[in-house]
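Remarks on the structure that follows.
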Amino acid sequence: MTNDAPTHNLTDLIHHAYKPPGNFDSPQPGVFKASTVYFPNVAAMRQREWKDKSGYTYGLHGTPTTYVLEERLCTLEGGLQCLLVPSGLAALALVALAVLKTGDEILLPDNAYGPNKALAEGELLALGIAHRFYDAMNPADLKAKLSPKTRLVWLEAPGSVTMEFPDLVALLNICKAHSVLAALDNTWGAGLAFQPFDLTGDGSCSIDISAHALTKYPSGGGDVLMGSVITRDAGLHLQIKMTHMRLGLGVAANDAETLLRALPSIGLRYQAQDRCARALARWWLAQKACVQVMHPALHDSPGHAHWQSLCAPDGGEGAAAGLFSVMLSPTLTQQQVDNFCDHLKLFKIGYSWGGPVSLVVPYSLTSMRAQWPEQLQQGYLVRFSTGLESPADLIADLHQSAQAWLAVEGVA
Ligand SMILES: *Cc1c(COP(=O)(O)O)cnc(C)c1O
């Protein structure tokens, strides 16, 4: 790895404190499955405590396998307590249901992960919890939309699909000044691009809650759904934990095992997919069919300076997820854009990211946002996520389909 590689915590993640049962020592922790957990006697059953992890009481309340996974995710993200849920979306829902009640308000960035907005518009509204969307690129707008009823502010960096990178520190400071809980959807950063519980590196700026779709980078396989909710405050953790328990949320042992198997390579995968995405994004910059490339590490991308100060503070290459969007020229037709996506051979059409296979999705921005974001050109938005294929092969694939359907010329 170069000096720019995300190395913090990665060694700890692999050489993690774990005592195997019966002195059986090997690279991977054991996999324990249970609904029922036995107690030696009634007194032990009455006394045993699961909330502080001093014992085991029932499969839903944790097993040695889930405890290890929770601890390693805390190491990755710099948190102290972790809860596991069956998907990233369940992590977002758990946070909302645990900290909000009827009459409260929640603020979400207008470029938030779509299903989190849908949750606010659906279940939360039905529970009498109002929501407002703020412009993540304008901290003054967040400030203006806070009310005495605001209990929770979601943050996301960068924005979903449109990839604008907000000034997280400014947004967070506004939440702190108003004593409102700040929760970050940390799926893109994954604990690698920046430290969610220490944004400025001097211990002065921490989010309250980190929700992570483990489905993406921690899994890395495109085959597991899981989410986590990480905190550094014991009281806040307990509040979320009680809701987690009452909702009956848990994860399967085999899924936890898959995550434990994938975590040691997360740093390498993140870095490889980052490099590949930047190579592809730069290829697009040179194509006339493309009017804008949205990748926070590119100079002209919306919020690039905010990305730089958070994810490349030493002026180096920094770190970013293997994800970017392009705006294809409005002079094309939707049919041409769809044909281009259909005729890619290595890029599969599908949601999610962080797996071994590169993916492409054309998005309809008008159905996602109340108005066209002012920092974006008009056109057709296509999002790419890079897998682990050779960047040269991926560029050749982009080139062959763009040549056929987007009137792109020249050789790859
Ligand atoms: C994928 C994703 C989620 C949801 O994760 P699932 O496991 O698919 O439910 C939440 N937030 C972001 C930013 C995501 O990319």
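Just so you know, ligand 1 is whichever comes first in the structure, and atom 1 is the first atom listed for that ligand. Throughout, numbering of the chain's residues begins at 1 and tracks the sequence. What you see below is based on every heavy atom in this structure, not just the backbone, and it leaves out hydrogens, waters and symmetry mates.
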Which ligand 1 atoms does E156 reach within 4.0 Å, using its non-hydrogen atoms? 13 (C)

Is there a salt bridge (charged side-chain N to carboxylate O under 4.0 Å, His left out) between E105 and R151 once you walk through the steps? CA-CA 6 Å; E105 282 184 15; R151 287 282 168 276; over 6 Å; no

Give me the ring orientation class for Y58 and H61: parallel if the planes are under 30° apart, tilted from 30 to 60°, perpendicular past 60°. perpendicular

Compute the centroid of each ring, for Y363 and then for Y380, and state whether the two points are separated by less than 6.0 Å. no

Please determine if K145 forms a cation-pi arrangement with Y134, meaning its NZ or CZ atom is less than 6.0 Å from the six-membered ring centre and no more than 45° off the ring axis. no

Answer yes if the side chains of S54 and E49 hold a donor-acceptor pair under 3.5 Å, and no otherwise. no

Looking at ligand 1, does any of its N/O atoms fall within less than 3.5 Å of an N/O of L92? no

In this structure, atom 9 (O) of ligand 1 is nearest to the protein heavy atom L89 N, 2.9 Å

Any heavy atom of W353 sitting closer than 4.0 Å to ligand 1? yes

Looking only at distances, can you tell me whether any N or O atom of K216, backbone or side chain, sits closer than 3.5 Å to an N or O atom of ligand 1? yes

Closest heavy-atom approach to atom 7 (O) of ligand 1 among V224, L225, V161, T215 is made by T215

Quick one: which ligand 1 atoms are inside 4.0 Å of a heavy atom on A213? 2 (C), 3 (C), 4 (C), 5 (O)

Are W188 and Y113 close enough that their ring centers fall under 6.0 Å? no

Measure the distance from atom 4 (C) of ligand 1 to every protein heavy atom, then report the residue, atom name and distance (to 0.1 Å) of the closest one. Y113 OH, 3.3 Å

Of D185, T187, L323, the residue with the heavy atom nearest atom 11 (N) of ligand 1 is D185

Checking a contact table here: which protein heavy atom is nearest atom 6 (P) of ligand 1, and how many Å away? G88 N, 3.3 Å

Is the distance between the ring centroids of F384 and W283 under 6.0 Å? no

